[in-house]
Amino acid sequence: MQLEYIGAFNVVLGVLARFWPVWIALVLVMGASFAYKKRLGLYGQLFDSGVGIAGVGICLFWLFTAIFASTISPFDPLAQVSIMKDALPGAVEPQSGLVYLFGGDKLARDVFSRMVYGSQIVLIIAPAATGFALMVGITLGLPAGYYGGRIDTVLSFLANLVLAFPVILLFYLLVTPGIMETPIPYAMAGVFFMFPIIFFSVLFWTRYKKRPDRLYILLGLTLIIGGWVYAGLVFDADPFRIIHIDPNQLNIFVAVVFASSPGVFRIVRGLVMDIKTRDYVAAAQTRGESPWYIMLWEVLPNARGPLIVDGCLRIGYTTILLGTLGYFGLGLAPESPDWGTAIKDASRLLRSFIHPALPPTIALMSFVLGLNLLADSLREQSMKD
């Protein structure tokens, strides 16, 4: 059967039309952000520069793409239509009459739909893993920088031990399929996923220990929500089946947290060692505040600028890392629509068909570019503060 094709101009119009919910969401969010930017603190200040606007716009574009993926995609990312194998962009699928806007890959799957659904994987794993790495690094870096001495020596030694190991080799060891046959990933997940619960429990305790009415509510919510997330991620025992992570995704998650948290630890430690000499810290010590209150409510808020910038950059690094692991066939399932796996599958036929490799490559590049622009703008604002 001979395939029918639409023209390049119609392909562009078709792509723009498929993203209609993203355009609506962008107009609403960006419009509201411009209108109320003076009331939105650091986020609102991003709209004072073209770099910040571009960074926010690109990141929001992919965020809304991930949210509305099922509406945007015309096909199931795993569906195969044999006649569409290696179809060129603009090919019309005979049965449904829908268009393979970016063509078909070597397994006759829609490249456009796989690119769109790939954003969900990236925007779930990369920010979440970075967030947990920040929790681990902050929780350990605060006492190391504030107390110094033996605590600093032990924690710095462990962090340097991890940092001294080659990163690529470390990830290769942690995400190989055989590692899932051991209890190592689950044991590491059990340890790492405790840090947010510990962090927020100590945070609320130090702030509201003299106000038990509010303290008990916040601690109760922390333990309930934290325990619910912990059970779903570590034991896959969420009774509502809302929080779930596949074993291979857990593998990558743990590897990212393990490799990233020592870097966060060193940044936090250095910031604390500088900030603890400031006058407002001495004033808090004079008032008789506890060390953990000073660390969490005096030191940490004044270190937020560099940490926010570092978090944005780390999400970008993690995105590139996920693409690299997918390219080498590690971590995620072979049929996964993540961008790295899509690039790997398409790279084997580059001499014959280049179109399946371009969409995931451009998607990966643009998202990382948006994060870098966002980090640059945040860095400028933090220097002003």
Side-chain angles (χ1 to χ4, degrees), residues 1-22 62 65-125 175 177 244 246-249 251-252 319 322-367:
M1 181 183 296
Q2 188 70 25
L3 290 176
E4 295 182 3
Y5 290 87
I6 63 174
F9 181 73
N10 289 328
V11 169
V12 174
L13 290 181
V15 171
L16 294 176
R18 295 302 310 184
F19 280 104
W20 68 266
V22 175
W62 286 113
T65 298
I67 293 173
F68 299 113
S70 59
T71 303
I72 298 170
S73 300
F75 298 95
D76 186 326
L78 302 180
Q80 296 174 281
V81 182
S82 58
I83 195 174
M84 305 301 288
K85 179 180 180 181
D86 295 324
L88 296 176
V92 179
E93 200 274 308
Q95 295 181 354
S96 64
L98 296 174
V99 181
Y100 271 39
L101 293 168
F102 290 159
D105 63 9
K106 65 177 185 178
L107 295 178
R109 299 169 300 192
D110 180 33
V111 174
F112 177 77
S113 297
R114 289 180 63 77
M115 179 202 71
V116 171
Y117 272 96
S119 64
Q120 288 187 330
I121 298 174
V122 170
L123 269 80
I124 289 174
I125 296 180
V175 302
H244 167 75
D246 295 330
N248 50 3
Q249 291 182 352
N251 226 7
I252 295 177
T319 302
L322 292 175
T324 303
L325 294 176
Y327 184 84
F328 288 113
L330 297 173
L332 296 174
E335 70 275 6
S336 171
D338 73 283
W339 295 335
T341 302
I343 295 171
K344 178 199 69 173
D345 292 340
S347 65
R348 298 173 180 175
L349 299 173
L350 279 179
R351 292 185 178 180
S352 302
F353 303 99
I354 194 174
H355 64 273
L358 292 179
T361 303
I362 295 173
L364 179 62
M365 179 187 68
S366 64
F367 180 58

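Keep in mind the model is a prediction, meaning the values are calculated, not measured. By convention here, the first residue in the shown sequence is residue 1.
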- With sequence neighbours left out, write down each residue that passes side chain to side chain donor-acceptor pair (under 3.5 Å) with Ser96, or none if nothing qualifies. Glu93
- Query: Among all residues two or more places apart in sequence or in another chain, which pass the side chain to side chain donor-acceptor pair (under 3.5 Å) test with Ser70?
  - Reply: none
Taking all non-hydrogen atoms of both residues into account, name the closest pair between [X] and [Y] and its distance.
X      : Y      : answer
Val111 : Pro359 : CG1-CG, 3.7 Å
Pro337 : Pro77  : CB-CB, 4.3 Å
Leu88  : Tyr5   : O-CE2, 3.5 Å
Ala87  : Leu3   : CB-CD1, 4.0 Å

- Query: Do Trp62 and Ser366 touch side chain to side chain, with heavy atoms closer than 4.5 Å?
  - Reply: yes
For residues 11-18, which side-chain donor-acceptor pairs fall under 3.5 Å, sequence neighbours excluded?
{"residue": "Arg18", "atom": "NE", "partner": "Ile72", "partner atom": "O", "Å": "2.8"}
{"residue": "Arg18", "atom": "NH2", "partner": "Thr71", "partner atom": "O", "Å": "3.2"}
{"residue": "Arg18", "atom": "NH2", "partner": "Ile72", "partner atom": "O", "Å": "3.0"}

- Take atom CG in Leu98; do more than 12 heavy atoms of anything else shown fall under 6.0 Å from it? yes
Please collect all salt bridge (charged side-chain N to carboxylate O under 4.0 Å, His left out) contacts where either partner lies in [range], sequence neighbours excluded, each pair once.
range            : result
residues 67-88   : none
residues 95-123  : Asp105-Arg109, Asp105-Arg114, Arg109-Asp345
residues 334-344 : none

- Item | Worked verdict on Leu322 versus Ile121 for side-chain contact (heavy atoms from CB on, under 4.5 Å) | CA-CA 9 Å; Leu322 292 175; Ile121 298 174; 5.6 Å; no
- Sort and list the pairs that fulfil ring-ring contact (aromatic ring centres under 6.0 Å, His included) and have at least one residue in residues 68-90, not counting sequence neighbours. Phe75-Tyr100
- Message: Taking ring-ring contact (aromatic ring centres under 6.0 Å, His included) as the definition, give me every residue that meets it alongside Tyr117, ordered by chain and number, with sequence neighbours left out.
- Response: none
Nearest 0.5 Å, please: how far is [atom2] in [Y] from [atom1] in [X]?
X      : Y      : atom1 : atom2 : result
Met115 : Thr65  : CE    : OG1   : 7.0 Å
Leu364 : Ser119 : CG    : OG    : 12.0 Å
Ile362 : Ile343 : CD1   : CD1   : 10.0 Å

- Message: Is a donor from one side chain sitting under 3.5 angstrom from an acceptor on the other, for Trp339 and Thr319?
- Response: no
- Task: Just do the side-chain contact (heavy atoms from CB on, under 4.5 Å) check on Phe102 and Leu358 with the steps written out, would you?
- Result: CA-CA 9 Å; Phe102 290 159; Leu358 292 179; over 6 Å; no
